[in-house]
K.L.:
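My structure is below; once you've seen it, I'll send some questions.
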Amino acid sequence: MTQAHQGGARGWTGARKGVLSRLRFTSLRLRLVVVFGLVALTAAVSASGIAYWLNREAVLTRTQDAVLRDFEQEMQNRAGALPERPTQDELQHTAGQMAGSDQRFSVLLVARDADGRTVYGSSGGLSGFSLRDVPASLRTAVNRTQKVDGANKHPHHLYWQRVIDHDTPYLVAGTRVIGGGPTGYMLKSLEPEAKDLNSLAWSLGIATGLALIGSALLAQAAATTVLKPVQRLGTAARRLGEGKLDTRLRVSGTDELADLSRTFNNAAEALEKRVADMAARDEASRRFVADMSHELRTPLTAITAVTEVLEEELEAETGSMDPMIEPAVRLVVSETRRLNDLVENLMEVTRFDAGTARLVLDDVDIADQITACIDARAWLDAVELDAERGIHARLDPRRLDVILANLIGNALKHGGSPVRVTIRADDDSLVIEVQDHGPGIPEDVLPHVFDRFYKASASRPRSEGSGLGLSIALENAHIHGGEITAANSADSGAVFTLRLPRGTAPVEEPADDGQQPGSDTDQPKGEDSKGDA
């Protein structure tokens with residue numbers, strides 16, 4: 001298949017899918033068309049049925065009245081002129097004269113001759129209209145003698161009945177001559193009237209079909225008029241949900257849909273303003289934290305230098321430190337370290353919030369990296385490593401060290417020894433589990449262990465950690481395209497599971513002078529806890 005044919009096939013397929021999507025059964029457009037069609041069909045069928053019934057009755061009644069009136073008149077004029085005991089020839093001749101009237105019906109006359117025999121006279125001869133063609137009920141009614149009184153002046157009346165023979169409708173009537181004489185029957189074909197009624201039925205059916213098509217077109221036009229603004233509103237709402245807050249609808253008219261469009265525009269404008277205000281406040285807050293952390297580094301550096309000197313005095317064996325102030329000096333040294341860690345962590349969090357954190361990737365032997373992390377912090381005696389040598393991944397070594405230091409340090413601080421670190425790897429991903437043997441994490445704390453500054457116990461608002469370590473570890477996992485989850489082991493203790501891809505795409509880290517917020521040269525120390533996460 002050529003490229004042009006492929007493009008044409010794709011275009012036709014796309015167009016067909018577009019039509020099917022617009023005509024799906026949950027579509028408001030389809031429901032409008034169906035409802036319009038059903039209403040139009042019901043109205044057209046009802047109107048056509050009523051029109052057909054009224055016309056049918058009018059046509060049949062008009063034809064029937066004319067035929068019966070003519071037949072009754074012929075019976076009085078011609079059959080009434082016959083003798084009381086006519087011969088068959090006289091009946092035959094009179095029947096032929098009666099059939100020659102304007103209505104062109106068949107006539108059958110029945111009488112008794114002078115010998116008392118029943119004789120017949122038919123306008124169609126011996127093979128024409130016969131008594132067998134007259135329904136028995138009609139013959140019985142015609143031959144029945146009525147009681148003459150004030151309400152009924154004659155003993156015999158004219159009776160008629162419609163019958164169908166071989167799909168052809170007929171009108172059959174019968175009566176007796178008043179004052180004595182032959183009995184006459186009439187047969188009139190209603191086939192011309194039936195054809196006229198069939199033509200009328202076809203015309204009404206075609207009109208019903210045209211009405212249905214017209215209603216569908218009208219419904220389509222109405223649906224387009226009504227649903228096009230709704231579709232534009234849906235598109236605008238999706239764009240707004242995607243973050244395009246400058247989306248607005250064109251407003252035209254004064255109807256309800258125009259009011260809805262104005263309401264949407266007002267809501268979008270208010271949302272855009274509020275989001276802009278929140279973004280500005282958030283940016284100002286991040287800038288404040290970054291500036292504050294940066295400004296704290298200079299005096300903190302000087303304080304740290306002083307505390308190092310005081311710490312050396314504490315560790316000296318000369319005893320030059322006054323025992324009365326030694327606890328205060330130790331407190332200053334401890335709090336200075338904690339403050340330094342807090343500032344470094346705040347600067348790291350600021351880099352993640354500002355989106356300036358970058359990866360510096362290298363091919364890392366995972367077992368060697370974990371061993372180096374444990375050895376650097378003197379945790380070799382408290383940590384069991386279950387890992388094969390030779391498992392490599394392309395990661396940022398510094399950020400992986402931050403993650404491991406926080407997870408292992410957290411397990412040692414609040415779990416139970418020994419802490420076990422297990423590594424599993426396949427072709428695409430790397431899984432590192434850190435499990436302790438402590439009491440585990442309370443169920444109400446578990447969803448919040450990675451929240452910033454979250455304290456597991458309100459009675460311990462102050463802890464040794466900054467409350468940022470686990471959140472920083474999670475951000476470092478995210479920047480690698482990975483994830484950290486926390487759970488309780490079925491045996492005992494808590495389990496933190498780190499999942500990282502083994503082939504993270506390299507991202508160049510921007511130049512850094514080591515001073516401005518957003519710098520990535522400072523490594524936050526691995527500390528945090530489930531207790532003050």
Side-chain angles (χ1 to χ4, degrees), residues 344-345 348-349 351-352 355-413 415 417-437 449-450 468-487 489 493-512 519-528:
E344 297 297 338
N345 285 334
E348 184 74 1
V349 168
R351 296 186 191 102
F352 284 117
T356 59
R358 297 290 184 270
L359 293 177
V360 180
L361 299 179
D362 195 4
D363 188 69
V364 177
D365 186 303
I366 303 301
D368 290 345
Q369 181 71 23
I370 297 176
T371 302
C373 175
I374 296 173
D375 185 50
R377 292 162 179 83
W379 291 339
L380 289 175
D381 295 336
V383 178
E384 296 179 358
L385 178 59
D386 181 7
E388 295 181 2
R389 298 290 177 178
I391 298 178
H392 291 262
R394 188 164 178 77
L395 303 169
D396 187 326
R398 185 182 68 81
R399 294 188 182 278
L400 179 60
D401 183 78
V402 171
I403 298 173
L404 295 173
N406 275 287
L407 296 182
I408 298 174
N410 185 77
L412 290 172
K413 187 181 300 181
S417 296
V419 172
R420 186 176 183 83
V421 180
T422 306
I423 302 176
R424 300 193 308 272
D426 54 28
D427 293 338
D428 299 325
S429 61
L430 173 71
V431 178
I432 302 176
E433 289 185 353
V434 179
Q435 180 178 359
D436 60 52
H437 291 79
V449 292
F450 295 105
L468 294 173
L470 287 179
S471 65
I472 291 175
L474 182 63
E475 293 291 350
N476 278 304
H478 285 169
I479 199 173
H480 280 90
E483 184 62 61
I484 303 177
T485 58
S489 173
V495 180
F496 284 83
T497 304
L498 169 65
R499 292 179 175 85
L500 296 174
R502 298 187 67 178
T504 304
V507 178
E508 293 184 1
E509 190 163 4
D512 181 31
S519 165
D520 231 9
T521 59
D522 304 303
Q523 175 180 336
K525 295 183 180 180
E527 51 77 29
D528 198 39

K.L.:
Out of the candidates Asp386, Ile408, Thr371, only one should pair with Val421 under the side chain to side chain contact (heavy atoms under 4.5 Å, CB included) rule; please name it.
P.N.:
Ile408
K.L.:
State the CG-CZ distance between Leu500 and Arg394, to the nearest 0.5 angstrom.
P.N.:
14.5 Å
K.L.:
Indicate the atoms forming the closest heavy-atom contact of Ala367 with Ala387, along with that distance.
P.N.:
CB-CB, 4.2 Å
K.L.:
Looking only at heavy atoms, which two atoms of Leu395 and Pro501 are closest? And how far apart?
P.N.:
CD2-O, 3.7 Å
K.L.:
Please determine whether the number of non-hydrogen atoms from other residues, nucleotides or ligands lying under 6.0 Å from atom CG of Asp363 exceeds 12.
P.N.:
yes
K.L.:
Output yes when a side-chain donor or acceptor of Arg399 lies under 3.5 Å from a complementary backbone atom of Ala477, and no otherwise.
P.N.:
no
K.L.:
Which one of Ile366, Thr422, Ile484 satisfies the side chain to side chain contact (heavy atoms under 4.5 Å, CB included) criterion with Ile432?
P.N.:
Ile366
K.L.:
Are the charged groups of Arg420 and Glu384 less than 4.0 angstrom apart, N to O?
P.N.:
yes
K.L.:
Examine distances only and state if a side-chain atom of His437 and a backbone atom of Gly493 form a donor-acceptor pair shorter than 3.5 Å.
P.N.:
no
K.L.:
What pair of heavy atoms forms the shortest contact from Ala473 to Asn406, and how long is it?
P.N.:
CB-CB, 4.1 Å
K.L.:
Evaluate the criterion side-chain contact (heavy atoms from CB on, under 4.5 Å) for residue pair Leu412 and Val383; output intermediate values, then yes/no.
P.N.:
CA-CA 8 Å; Leu412 290 172; Val383 178; 4.3 Å; yes
K.L.:
Short question: side chain of Asp436, backbone of Ala494 - any donor-acceptor pair under 3.5 Å?
P.N.:
yes
K.L.:
Rounded at 0.5 Å granularity, tell me how far CG in Asp362 sits from NE2 in His392.
P.N.:
11.0 Å
K.L.:
With rounding to the nearest 0.5 Å, note down the distance linking CD in Glu433 to CZ in Arg499.
P.N.:
7.5 Å
K.L.:
Check the pair Phe496 / Leu470 against side-chain contact (heavy atoms from CB on, under 4.5 Å), numbers first and verdict last.
P.N.:
CA-CA 10 Å; Phe496 284 83; Leu470 287 179; 4.2 Å; yes
K.L.:
About how many Å separate CD1 of Ile374 and CG of Leu404, when rounded to the nearest 0.5 Å?
P.N.:
8.0 Å
K.L.:
Step by step, work out the side-chain contact (heavy atoms from CB on, under 4.5 Å) result for Glu483 and Thr497.
P.N.:
CA-CA 8 Å; Glu483 184 62 61; Thr497 304; over 6 Å; no
K.L.:
Grab the two heavy atoms, one from Phe450 and one from Ser471, that are nearest each other, plus how far apart they are.
P.N.:
O-CB, 3.3 Å
K.L.:
Please walk me through it: do His480 and Leu359 pass side-chain contact (heavy atoms from CB on, under 4.5 Å)?
P.N.:
CA-CA 8 Å; His480 280 90; Leu359 293 177; 3.6 Å; yes
K.L.:
Nearest 0.5 Å please: distance from the CG atom of Leu407 over to the CG atom of Leu498.
P.N.:
6.5 Å
K.L.:
Is it the case that the side chain of Gln369 and the backbone of Pro397 share a donor-acceptor pair, with hydrogens and angles ignored and the cut-off at 3.5 Å?
P.N.:
yes
K.L.:
Rounded at 0.5 Å granularity, tell me how far CG in Asp401 sits from CD1 in Ile370.
P.N.:
10.5 Å
